[in-house]
Peer 1: 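I'd like to ask some things about the structure below.
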There are 2 protein chains.
Amino acid sequence: MKEILNIQKQLLPDLMDTMKKRYTILHHILVSGMVGRRTLAVSLNTTERILRAEVDFLKEQGLIEVEAAGMRISAAGRQLLESIEPIVKDLFGLTELEERIRSHFGLKQVVIVPGDSDASPHTKKELGRAGAAVLRKLVAEDETIAVTGGSTMAEVAYHLAATTSLKGCWFVPARGGLGESLELQANTIASTMAKKTGARYRLLHVPDHLGEEAYQSLMQDDSIAEIIQFIRRARMVVHGIGEAMVMARRRKVDRETTEILRQDGALAEAFGYYFDRQGNILHKMPTVGLRIEDIHQMDAVIGIAGGKSKGEAIVSVLRHGHEDVLITDEAAALEIVHHLSS
Amino acid sequence: MKEILNIQKQLLPDLMDTMKKRYTILHHILVSGMVGRRTLAVSLNTTERILRAEVDFLKEQGLIEVEAAGMRISAAGRQLLESIEPIVKDLFGLTELEERIRSHFGLKQVVIVPGDSDASPHTKKELGRAGAAVLRKLVAEDETIAVTGGSTMAEVAYHLAATTSLKGCWFVPARGGLGESLELQANTIASTMAKKTGARYRLLHVPDHLGEEAYQSLMQDDSIAEIIQFIRRARMVVHGIGEAMVMARRRKVDRETTEILRQDGALAEAFGYYFDRQGNILHKMPTVGLRIEDIHQMDAVIGIAGGKSKGEAIVSVLRHGHEDVLITDEAAALEIVHHLSS
DNA sequence: GAATCATGGACGTAAATTGTCCCGGTGCTA
DNA sequence: TAGCACCGGGACAATTTACGTCCATGATTC
C-alpha cells in the first residue's frame, strides 16, 4: 500500500497534502456531528472561503450532506473515512514527526522522507532528491553555497538539475581535503553540483587538518587566502552529518586524537567538527575553510542525514543550535524523537 | 490496491486526472525516445504551453532529462512507468470503455461508475449519484423533465440536491401508473426529485396500460388531457432500462402478452416500451404519457441502468438509436462491449 | 418574536494558468 | 560548410481561477 502512495507521489507531489486536507475536514465534520461552515473554518484554522470550496467538493462527491442547519457526514463519507484511516495514519506520522522535531529544536523546516537509508539505497536517493529540492527552493540569486563531502551529499548533487535560479551561484567546498575517496570529497561535490546546475565553482586544494605552523604558512599564500575568504563569505551551507567514530576512522584520524575524542564523548561530526551529546564542539583546531563562527552567521544551514544509526548524531548536531533546516528519513527521525523523550 | 484507488477516486478525482495526464505524457516520451516539446504537443493533441508546464514538472521530478536536442525519459522515469502501470490501467479502463461505447452508438456522453450494481448496493448508489450529477449539468432553465420509475431512478432522486439551476424546473412522470410498489412509481420519483431540488412537479394519476376505449374516454377528461399535453412538452427525459421479462413479471403483464413478447424476442424495457435485440419496438399500444415519437424529438434522453445482467438490455435500447446519454456501471459496460464484439 | 446560527450568491482583486511569439543554440542534411 | 528544421527556454499579455469579503435569506433556538 505504501508502495502505491510512493509511486503516486512522484507524479503528484501534492497528493498527500490534498488528501490530508480533505481527510481532516471530513473527519472534523464526522466528530462535530452537525456543524456550520464558519465554526468549522475556525477550528481548522483556515479561511471560510477556502473551506467553502472544499465543502462544495465534498458535497459534490456525496461525502457530506448540507442542509440549512449545517452540514453532516453522509453514510458514504463515514465509510470512506473508515477505509482511509490506515493510509492517513501513515501520512500523518511523518508530518507530525516533522513538526515535533522542528519545534523542539526551533528549526525553520524539517523534511522527512519515508524509509531507512541504512536499509535501503532507495531511501538514500530520496534523501538526495529532497535535499536538492530544498536547496533549489531556498537559494537566493547569485549566492555562494558551501557544501561538504559524503555519500549523502553526493546523492544531493546527483539529483540537482539545471534551474535558472541557480545559474549565477557559486559552489564551494566548506572545508579542505579530507582523507576520503575522491567521489565523496567536498571539492568533487561542489564541482558536480556546479556542472549539473550550470553554476560556477571554486576549489580548495589544501588538506583540512594542519599543524599550527603549516596553517600559518599556507595562509601567507595569496591565492589560498583569497579563496578561503571567498568561501567564508558564503551565506548558505549544505552539509552531511556523521557518527563521530565512523568519521574519525574513515578520515584516518590518528590513534591518539581518536582516543581523546572517545574520552570526550564525541558522538557526531559535521563540517569537520566533532560534537558531544550536548552539542558542544570538541577538538577545536585551526582549520582552513569554514570556521564554526562563519556557520553561526549563515542565513541557511542545511543538514542532511538519514538512517537509524545516525539518529543520535543528528540530535547532537541539532543541540548545537545553529541549524536551520534538517532533511532526514523516517528511521532517523524516529530515533531522534526517541532520544528526546529519554 | 483497488481499495486505495477507489478511495482516491472519491477523495481526489481531480488529482487522478492529472495523474493520468502525466502518465500519458511520460509514456509518450518513453516510446518516442528523444522528442521535442512541439512535436509531443501535437501527438498528444494539447497545446504547447500546457505541455510545457507538465514537462517542467517532470523535469523537476527527475523523471525526464531535457537537453538542447529534446527530452528523453530518465532511468527513474522508466522505473516509475513500470511500477505505475497497474494503477493507471485501472484508472484508464473506465475512460476507454466510456469512449468506446459512446462512439459506437453515437452518444453525446457515457458515464461509467466502477463496480457492479447487481453485486453491490454501493455501486447502485454511485450510479444514482452519477445520474444526479449529469442531470444537474445538462438541465436548462425552467425546463420540464420527465422521469420514469424504478429502483435506479429512486437512487438518482435520492442524490439530487438543491441547485439554483433546477429551481424553476418541473418534474413529471413519463408514464402513468404501473403495477409496481409505491416508492418506485414514476409519480413518486418525480415528486421526490422536485422536493429535493426545490422544483415543482405534476402527477399523472392514471394507469398506463389501457384498452382502446378506456383510453379514449380518459382523453376526453380535460384535466387529464391537459397534464398529458404538459408531459409531452418535456424536452428532457431521464429513464431506467430493464430486462423485458423481469419488467413484464414485475408489472403483472398478463400471461398471453408475456408469451407474445417472449416469442418476439423482447429483451429490454424502457419508458414502457419493449425492445428486441435490434432495437425495434415491440408491442406498441395506445398509451398515456410520453409516446415514442415524443422521445425521438427530445433534446436530452438520458438512460440509467447498471449491473451485469442488464448489459444486453442496454445494448437493445441503445440500438434503437435515440439515446443521448448513458449512465451505467463497469460490469454492465463490459457486458455491452462484449455484445458488440460478438 | 428576536437573536443567532446557517447556506449560498455576488463581486472585486490577486494569483495562477495559458496562448503566443521570439531568440539563440544544436544537429542533421544537402 | 552553409542552410534548415527543430530544439528549449524567456517574456508577456490575456484569460481563467482562486480567494477575501460582504450580504441576502432562511431555519432554529431561546
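Quantities reported herein were computed from a predicted structural model and do not represent experimental measurements. Naming convention: chains lettered A, B, ... in sequence-line order (proteins, then strands); numbering from 1 in each chain.
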Peer 1: Do Glu99(B) and Glu96(B) come within less than 4.5 Å of each other through their side chains, counting heavy atoms only?
Peer 2: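 The answer is no; the side chains never approach within 4.5 Å.
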Peer 1: So how far off straight is the helix from dG1(C)-dC30(D) to dA30(C)-dT1(D), going by the axes through five pairs at either end, to 10°?
Peer 2: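 End-to-end axis angle for the helix from dG1(C)-dC30(D) to dA30(C)-dT1(D): 20°, rounded to 10°.
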Peer 1: What is the distance, rounded to the nearest whole Å, between atom CZ of Arg72(B) and atom P of dG27(C)?
Peer 2: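 After rounding, the reported distance stands at 11 Å.
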Peer 1: For dA6(C) and Thr39(A) - does any side-chain N or O of the residue sit under 4.0 Å from the phosphate oxygens OP1/OP2?
Peer 2: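 The answer is yes; a side-chain N or O of Thr39(A) sits under 4.0 Å from OP1 or OP2.
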Peer 1: Can you tell which of Leu63(A), Thr24(A), Leu40(A) makes a side chain to side chain contact (heavy atoms under 4.5 Å, CB included) with Ile29(A)?
Peer 2: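 That would be Leu40(A).
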Peer 1: With a 4.0 Å cut-off on heavy atoms, is Val35(B) in touch with a base, just the backbone sugar-phosphate, or nothing at all?
Peer 2: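 Sugar-phosphate, no base atom in range.
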Peer 1: Quick one: label Val66(A) by what it contacts on the DNA or RNA (base, sugar-phosphate, nothing), any heavy atom closer than 4.0 Å.
Peer 2: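 Sugar-phosphate contact only.
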Peer 1: Counting just side-chain N and O atoms, does Lys59(A) come under 4.0 Å of either OP1 or OP2 of dG8(C)?
Peer 2: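 It does, given that an N or O in the side chain of Lys59(A) lies less than 4.0 Å from OP1 or OP2 of dG8(C).
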Peer 1: What is the distance from CG of Leu40(B) to P of dG9(D), rounded to the nearest Å?
Peer 2: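 Atom CG in Leu40(B) sits about 14 Å away from atom P in dG9(D).
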Peer 1: Tell me whether Arg78(A) at atom CZ has more than 12 heavy atoms from other residues, nucleotides or ligands lying less than 6.0 Å away.
Peer 2: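 No, CZ of Arg78(A) has 12 or fewer neighbouring heavy atoms, counting only those of other groups under 6.0 Å.
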Peer 1: For Ile29(B) and dG8(D), give me the distance from atom CD1 to atom C1', rounded to whole Å.
Peer 2: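 These atoms are roughly 13 Å apart.
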Peer 1: Of the non-hydrogen atoms in Thr144(B) and Ala234(B), which two are nearest, and what is the gap between them?
Peer 2: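 Distance-wise, the nearest heavy atoms are O-CB, 3.6 Å.
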Peer 1: Please produce a list of atom pairs where a protein N or O lies less than 3.5 Å from an N or O of nucleotides 12-21 of chain C.
Peer 2:
unit_1	atom_1	unit_2	atom_2	d
dG19(C)	OP2	Thr47(B)	OG1	2.3
dG19(C)	O6	Arg49(B)	NE	3.1

Peer 1: Run the side chain to side chain contact (heavy atoms under 4.5 Å, CB included) check on Ile73(B) and Leu26(B) step by step: do they pass?
Peer 2: CA-CA 7 Å; Ile73(B) 197 154; Leu26(B) 200 55; 4.0 Å; yes
Peer 1: Can you check the Glu67(A) CD to dG8(C) C1' distance for me, whole Å?
Peer 2: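 After rounding, the gap between these two atoms is 15 Å.
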Peer 1: The test is side chain to side chain contact (heavy atoms under 4.5 Å, CB included); show your working for Arg37(B) and Glu48(B) and say whether it passes.
Peer 2: CA-CA 7 Å; Arg37(B) 214 199 308 137; Glu48(B) 182 195 333; 2.4 Å; yes
Peer 1: To the nearest angstrom, how far is Met34(A) atom CE from dT28(D) atom C1'?
Peer 2: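 So the CE-C1' distance, Met34(A) to dT28(D), works out to 11 Å.
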Peer 1: Provide, to the nearest angstrom, the distance between the CD atom belonging to Glu54(B) and the C1' atom belonging to dG8(D).
Peer 2: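 Rounding to the nearest Å, CD of Glu54(B) and C1' of dG8(D) are 17 Å apart.
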Peer 1: Does Phe171(A) have Arg200(A) sitting over its ring (NZ/CZ under 6.0 Å from centre, angle to axis within 45°)?
Peer 2: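 Judged by the rule, Arg200(A) and Phe171(A) form no cation-pi pair.
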Peer 1: Quick one: ring-ring contact (aromatic ring centres under 6.0 Å, His included) partners of His28(A), sequence neighbours excluded?
Peer 2: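 Once residues adjacent in sequence are excluded, His28(A) has no partner under the ring-ring contact (aromatic ring centres under 6.0 Å, His included) criterion.
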Peer 1: Quickly work out the Asp56(A) CG to dA18(D) C1' distance and round it to whole Å.
Peer 2: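 Between C1' of dA18(D) and CG of Asp56(A): 13 Å.
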Peer 1: Check Met298(B) against Met236(B) and note the closest heavy-atom contact, atom names and distance.
Peer 2: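 Here Met298(B) and Met236(B) meet closest at SD-N, 3.4 Å.
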